[in-house]
Amino acid sequence: MLIPLGFLAASGAAAGTFELIETVNVGAGGAASVTFSNLNTYASSYQHLQIRAVAKNAAAVNYNVLEMVLRFNGSNANYRSHCLRGFSGSATSFAPTLSTQMLVGQTVSNDSGIGPTFGVSVIDILDPFEITKNTSVRSLSGALDNRSTLGPTSQVSLWSGAWFDTAAVGSITLYGAYGDGGTLSNFTQNSRFSLYGIKGA
Amino acid sequence: MPTPTYTPLATITLSSAQSSVSFASIPNTFRDLIVVCNWANSGTASATRVQLNGDSAANYFGVWMTGTGSATGSSAEASETSSRAGGSQVGPDNAFTNIMTLQFLDANATDKHKTYLVRFGSGNRETHAVASRYASTARIQSIRIFDILGQTFQTGATFSLYGVAA
């Protein structure tokens, strides 16, 4: 089943095709990471997965827009990521050398004055339960700071990622990050991560 | 227990040309909203925009990137009275080649500004992605889509609203 980026066909999903599996709402104190686990129990139910994320990064660095990364099955190896992103004034491509996690989108940092803004991401994980394939990911993400004229790191981005491992996905862990995804950081309160399953024919 | 979602809420199919379409009285029972559009414009000098909650104050911010096949581009805007949606370099076409999705995450949250994502494509003109922020913590109750350069959406255009639970 072809899934247009981030959404199902314009005619609407057939009943029960797209299902909410779990939502994690980050509470007071924030969270070092968010994990969806025991996903192997859904292998016979779903062909693809989607994560819809609204996230703020707790990192105290002097940038307004930071990153989000993921790991499958707790593995910290064999990832690649590529990005096409638009800032004010330039559209650029980016491919971090990072292999310990996969970059999948943006978060807004928790700098003072950032206001009630969050980064948003729609992340598609295709064929996660196929043991003959490496796992591929695509994402549409965006984050804008709260400045009146928008800072230089506000951006919209398209991501592609691969986990070079044919193991079925049993868990997905998301982290805040910065430094081109190399340094992990926490999510703040009121961040939200929802996991959906998409059935095959 | 998984819950089926991605619920169709409304579909607007134009029986005559319209200068705008609106989804109003959107229920507060879904966390995310998705709008899927397919249309032709009356002309090619066009720029599709979005307003939320009938708010035409300077509360919209956005950053985008685009490619036409012969050029790429990116830019940003701040404190606008609507947000950019369909196209930036050459804009939507006057044939039914314009498709667009708008993703409003946490549309019903009252503790966040509304940051949303747009993917627009006109197979004949450009591909385009936008991240926008509506600087209001009000939940989204209405969505208006229009062309700021005075074009109309042609007969047969479809605009569908979906609710996604979370």
Side-chain angles (χ1 to χ4, degrees), chain A residues 4-13 15-23 25 42 45-46 52-54 56 84-92 106 108 115-122 140-150 152 154-158 190 192-194 196-198, chain B residues 1-9 11 31-32 34-38 58 61-67 71-79 88 99 101-106 109-119 121 128-133 135-137 158-160 162 164-166:
Chain A
L5 182 65
F7 70 97
L8 296 176
S11 61
T17 304
F18 188 90
E19 297 187 335
L20 170 65
I21 297 172
E22 182 181 356
T23 288
N25 294 296
Y42 299 109
S45 300
Y46 303 118
R52 303 176 69 83
V54 179
K56 180 174 285 191
L84 174 64
R85 55 190 177 184
F87 301 92
S88 174
S90 63
T92 62
Q106 266 70 54
V108 178
T117 61
F118 287 70
V120 295
S121 302
V122 179
L140 172 62
S141 182
L144 285 77
D145 62 44
N146 197 34
R147 301 183 195 181
S148 60
T149 55
L150 289 180
S154 293
Q155 61 188 270
V156 59
S157 56
L158 289 165
N190 296 325
R192 181 267 289 194
F193 305 86
S194 298
Y196 300 85
I198 302 164
Chain B
M1 182 71 180
T3 306
T5 186
Y6 209 112
T7 304
L9 298 179
T11 292
R31 193 148 185 180
D32 296 350
I34 299 173
V35 180
V36 180
C37 316
N38 178 222
F61 301 75
V63 60
W64 61 87
M65 58 181 176
T66 191
T72 59
S74 180
S75 190
E77 59 187 13
S79 301
S88 61
I99 58 174
T101 60
L102 302 115
Q103 303 257 7
F104 300 92
L105 283 77
D106 271 6
T110 56
D111 56 0
K112 305 180 175 75
H113 287 177
K114 305 306 174 288
T115 299
Y116 48 103
L117 302 169
V118 181
R119 281 286 282 129
H128 183 77
V130 189
S132 294
R133 179 170 63 84
S136 169
T137 56
T158 60
F159 303 83
S160 298
Y162 301 89
V164 178

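Here is how names work: the chains are called A, B, and so on, in the same order as the sequence lines, proteins then strands, and each is numbered from 1. Heavy-atom basis, side chains included; hydrogens, waters and symmetry copies ignored.
Partners of A:Ser194 by side-chain hydrogen bond (donor to acceptor under 3.5 Å, both in side chains), not counting sequence neighbours, listed by chain and number: A:Thr23, A:Arg192. Partners of A:Tyr42 under the ring-ring contact (aromatic ring centres under 6.0 Å, His included) rule, at least two apart in sequence or in another chain, are A:Tyr46.
A:Arg85 contributes atom CZ, which lies 11.0 Å from atom OG of B:Ser74 (distance to the nearest 0.5 angstrom). Distance check: A:Leu20 CG to B:Thr5 OG1 gives 6.5 Å after rounding to the nearest 0.5 Å.
Looking at B:Ser132, the atoms closer than 4.5 Å to chain A (heavy atoms on both sides) all sit in the backbone: N, CA, C or O. For A:Phe193, no part lies under 4.5 angstrom from a heavy atom of chain B. The contact between A:Ser121 and chain B is made entirely by backbone atoms, counting heavy-atom distances below 4.5 Å.
Under a 3.5 Å cut-off, the side chain of B:Thr115 and the backbone N or O of A:Phe118 do form a donor-acceptor pair.
For the pair A:Thr17/B:Tyr6, no side-chain contact is recorded, criterion being any heavy-atom separation below 4.5 Å from C-beta on. You'll find the side chain of B:Met65 reaches within 4.5 Å of the side chain of A:Val156, heavy atoms only. Side-chain contact between B:Arg133 and A:Asn146 is present, with heavy atoms from C-beta onward closer than 4.5 Å. Counting heavy atoms from C-beta on, the side chains of A:Arg52 and B:Asp32 come closer than 4.5 Å. Under the 4.5 Å side-chain criterion, counting only non-hydrogen atoms from C-beta, A:Asp145 is not in contact with B:Phe61.
Taking both residues in full, the closest heavy atoms of B:Arg119 and A:Leu140 are given as CG-CD2, 3.4 Å, listed atom of the first, atom of the second, then distance. When all heavy atoms of A:Pro116 and B:Thr137 are compared, the pair lying nearest together is CG-CG2, 4.1 Å.
Counting heavy-atom pairs closer than 4.5 Å to chain B, the top-ranked of the candidates A:Ser141, A:Gly142, A:Gly89 is A:Gly89. Counting heavy-atom pairs under 4.5 Å between each of B:Ala109, B:Ser79, B:Ala76, B:Ala58 and chain A puts B:Ala76 at the top. Heavy-atom pairs under 4.5 Å with chain B were tallied for A:Ile21, A:Leu84, A:Thr92, A:Val54; the largest tally goes to A:Val54.
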Evaluation steps, side-chain contact (heavy atoms from CB on, under 4.5 Å), between B:Leu105 and A:Val122 = CA-CA 9 Å; B:Leu105 283 77; A:Val122 179; 4.1 Å; yes

